Amino acid sequence: MPPPARRRSHSVPVTAALLAAALLVFAAGAGADDGRTLLEIKKSFHDADNALDDWSGDGASPGYCSWRGVLCDNVTFQVAALNLSGFNLGGEISPAIGDLKSVVSIDFQSSGLSGQIPDEIGDCSSLKMLNLSSNNLEGDIPFSISKLKHLENLILKNNQLVGVIPSTLSQLPNLKILDLAQNKLSGEIPRLIYWSEVLQYLGLRSNKLEGSLSPDMCQLTGLWYFDMKNNSLMGTIPDTIGNCTSFQVLDLSYNHLTGEIPFNIGFLQVATLYVVVISPIELDA
Ligand SMILES: *[C@@H]1O[C@H](CO)[C@@H](O)[C@H](O)[C@H]1NC(C)=O
Ligand SMILES: *[C@@H]1O[C@H](CO)[C@@H](O)[C@H](O)[C@H]1NC(C)=O
Ligand SMILES: *[C@@H]1O[C@H](CO)[C@@H](O)[C@H](O)[C@H]1NC(C)=O
Ligand SMILES: *[C@@H]1O[C@H](CO)[C@@H](O)[C@H](O)[C@H]1NC(C)=O
Ligand SMILES: *[C@@H]1O[C@H](CO)[C@@H](O)[C@H](O)[C@H]1NC(C)=O
């Protein structure tokens, strides 16, 4: 049986060699795969206008960094931002999007996209901004979005999304803007959403949201924009409303709210409120 010291002296160079090889593979591979990923993503777009004409070839690094709508990290050549807004792409968002591990910003606003938001979007672990607004996206908001711990702006406005607002969105510690307006979302607004100190903008206008307003809504100490216009909210406006002192825009119009407008809503106007749109509401005192 060989002494332990000899065995160790053999294993060190082997480990070092393996490590070096792994580093080389990593260095060569970094970014290189992003080009192939982009070509894969392109396959699920119709791209009738050939807006992505220059997305061609084998996707070798770093050529794809100059493709239209692509912004790369200067050092790693990995895709940092993808802006295909207004390109009339049509088609769907490929699940391959989840392979873009360094992408910080995805803007596909008004790109004629349909189909569902792929679950794999939750694998874009560097994502801070996701704007998929003004498309024809359908299906649910994927729960996997809750994995995006760096996400600051989630803008899914003006689509055909159904189902509930995932309560797990409240697990996004950096979420500042949540705009889900003009969809077909139903169910209640998850109360956990109200316990965020960083959320600044909550746009839920023109959905089919039900239930009542929670007294917890004033726990949103950083929120300035609160738009629930045109839903199916019932019940009364909570008395705590006078404590929502950070709110500057509060729109509760076109719901089924009943009861009296709490007198202390006036405290808001005195404080920071500059637009209160609570009319017409169906008062049933
Ligand atoms: C790359 O460098 C340019 C200037 O050299 C800078 O303007 C740009 O922000 C950098 N981009 C990234 C993604 O780091
Ligand atoms: C994407 O490009 C459009 C127009 O070219 C611009 O208005 C928009 O701000 C860009 N998106 C981002 C996230 O920079
Ligand atoms: C999408 O939303 C982001 C964040 O609000 C914004 O910076 C960007 O300009 C928007 N895209 C377009 C095309 O307006
Ligand atoms: C309310 O939302 C529906 C779609 O859900 C829309 O057709 C209607 O124009 C909206 N009404 C108002 C007053 O915003
Ligand atoms: C409003 O906030 C104050 C101070 O934090 C607290 O004492 C009061 O109970 C709150 N009012 C309501 C109706 O929650």
Side-chain angles (χ1 to χ4, degrees), residues 38 41 45 49 51-52 54-55 65-73 79-90 93 97 100 102-113 117 121 124 126-138 141 145 148 150-165 169 172 174-187 189 198-211 222-234 249-257 275-282:
L38 291 174
I41 291 171
F45 295 142
D49 296 346
L52 305 183
D54 62 350
W55 290 34
C65 290
S66 57
W67 288 353
R68 197 164 174 212
V70 177
L71 188 75
C72 283
D73 183 286
V79 174
L82 205 48
N83 188 349
L84 309 182
S85 69
F87 279 9
N88 184 30
L89 296 172
I93 302 172
I97 196 115
L100 297 177
S102 297
V103 72
V104 173
S105 169
I106 293 177
D107 192 345
F108 292 169
Q109 177 175 319
S110 306
S111 303
L113 301 173
I117 302 172
I121 197 79
C124 298
S126 306
L127 208 56
K128 289 186 178 172
M129 204 291 292
L130 179 62
N131 187 346
L132 304 179
S133 60
S134 300
N135 285 290
N136 291 307
L137 298 169
E138 54 196 28
I141 298 174
I145 288 185
L148 301 171
H150 300 287
L151 197 65
E152 294 177 4
N153 297 358
L154 178 59
I155 301 158
L156 306 178
K157 182 179 171 167
N158 198 13
N159 279 290
Q160 310 290 330
L161 300 171
V162 296
V164 299
I165 301 173
L169 287 183
L172 295 172
N174 297 301
L175 193 65
K176 295 190 177 79
I177 299 180
L178 179 60
D179 196 345
L180 308 177
Q182 294 167 270
N183 279 289
K184 295 173 176 168
L185 300 170
S186 57
I189 300 161
V198 289
L199 194 65
Q200 297 170 1
Y201 186 109
L202 185 55
L204 301 177
R205 164 188 296 232
S206 294
N207 277 288
K208 300 177 188 308
L209 297 167
E210 299 152 356
L223 197 88
W224 69 271
Y225 186 95
F226 189 93
D227 186 358
M228 302 286 162
K229 179 180 175 176
N230 196 19
N231 278 284
S232 301
L233 300 180
M234 307 209 290
V249 173
L250 171 64
D251 197 335
L252 303 176
S253 61
Y254 296 94
N255 277 287
H256 308 300
L257 298 169
V275 183
V276 186
V277 191
I278 48 166
S279 175
I281 67 176
E282 294 168 23

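All ligand and atom numbering here is 1-based and tracks the order in the structure. Residues take their numbers from the sequence shown, with the count starting at 1. Heavy atoms only: backbone and side chains are in, while hydrogens, waters and symmetry mates are out. What you see is a predicted model, and the numbers here were worked out from it, not measured in a lab.
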Item to check | Atoms of ligand 4, numbered as shown, that sit under 4.0 Å from any heavy atom of S206 | outcome: 1 (C), 2 (O), 10 (C), 14 (O)
Under 3.5 Å donor-acceptor pairs involving side-chain atoms of residues 177-187, not counting sequence neighbours:
from	atom 1	to	atom 2	distance (Å)
D179	OD1	A181	N	3.2
N183	OD1	N159	N	3.1
N183	OD1	Q160	N	3.4
N183	OD1	L161	N	3.0
N183	ND2	L156	O	3.1
N183	ND2	L180	O	3.0
N183	ND2	A181	O	3.2
K184	NZ	Q160	OE1	3.0

Checklist entry - For the residue pair Y225 and Y201, does the interplanar ring angle fall in the parallel (under 30°), tilted (30 to 60°) or perpendicular (over 60°) class? => result parallel
Next on the checklist: I189 and side-chain contact (heavy atoms from CB on, under 4.5 Å): which single residue from L204, N231, V164 fits?
Outcome noted: L204
Checklist entry - Do any N or O atoms from the side chain of D251 and from the backbone of M228 form a donor-acceptor pair under 3.5 angstrom? => result no
Item to check | Pairwise side-chain contact, D227 with V249, heavy-atom cut-off 4.5 Å (strictly under) | outcome: no
Item to check | Between Q109 and S133: side-chain donor-acceptor atoms closer than 3.5 Å | outcome: yes
Checklist entry - Exactly which residues line ligand 2, taking a heavy atom under 4.0 Å from it as the test? => result N83, S85, S105, D107, M129
Next on the checklist: Is it the case that ligand 4 has an N or O less than 3.5 angstrom from some N or O of K208?
Outcome noted: no
Next on the checklist: Does R68 form a salt bridge (Lys or Arg N to Asp or Glu O under 4.0 Å) with D54? I'd like the steps, not just the answer.
Outcome noted: CA-CA 7 Å; R68 197 164 174 212; D54 62 350; over 6 Å; no
